[in-house]
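This report refers to the structure that appears directly beneath it.
As the structure is a computational prediction, the values presented were derived from the model and not from experiment. Numbering of residues begins at 1 and proceeds along the displayed sequence. Ligands are counted one by one from 1 in listed order, and the atoms in each one are counted from 1 as well.
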Amino acid sequence: MDIFEYLEDIVAFFQLPIWGYLIRGVIFITIIIWLAFVYWTYRDARLRNTSAVFWALVVLVFNYLGLIIYLILRPPEYIDDVVERELEIRRMDKLLSAKSDSCPACGKGIEEDFLICPHCRKKLKNSCINCAKPLALDWKVCPYCKVTQ
Ligand SMILES: [Zn+2]
Ligand SMILES: [Zn+2]
């Protein structure tokens, strides 16, 4: 077999239609992955409450490079996390403020188990005739010892 025949074989090998299919397949997969990157970036950016369309376009134009830039620059937490944390803080605030009530007459701070306001002497609670626990003024029976008032 002389060298030209050998070269012809190589050329013939690369002219097989399978190469065309393979290249088209690789291009197809690359486009799919590319679009998946764009979609993922759009969704992630929206969850993080940052400009989703802008970042999707950046990834669409720069592909891997755009994705890396986005991963570096994106806000560190999801918007849901931020909302969740703010709700938690508000809940804690409510609990704390509920603990320190204020007198209905003078508005000054009182504790939950005060029987009388120390500032204006307004009667706040009754004490149970049996166990002396503080009871709301309209309670008919003590919830601690079950004795009728
Ligand atoms: Zn008062
Ligand atoms: Zn009682």
Heavy atoms, side chains only, cut-off 4.5 Å: are Leu135 and Gln149 in contact?
yes
With the Zn ion (ligand 1) as the apex, the SG/SG angle for Cys120 and Cys106 - to 10°:
110°
Please calculate the SG(Cys145)-the Zn ion (ligand 2)-SG(Cys128) angle and round it to 10 degrees.
110°
What about Leu16 and Ile23, same hydrophobic cluster or not, with Ile/Leu/Val/Met/Phe/Trp/Tyr joined at side-chain heavy-atom distances under 4.5 Å?
no
Cluster overlap Trp19 with Tyr21, hydrophobic side-chain contacts below 4.5 Å
no
Is there an N/O/S atom in Cys103 at a distance below 2.8 Å from the Zn ion (ligand 1)?
yes
Does Leu60 offer a backbone N or O that forms a donor-acceptor pair with the side chain of Trp34 under 3.5 Å?
yes
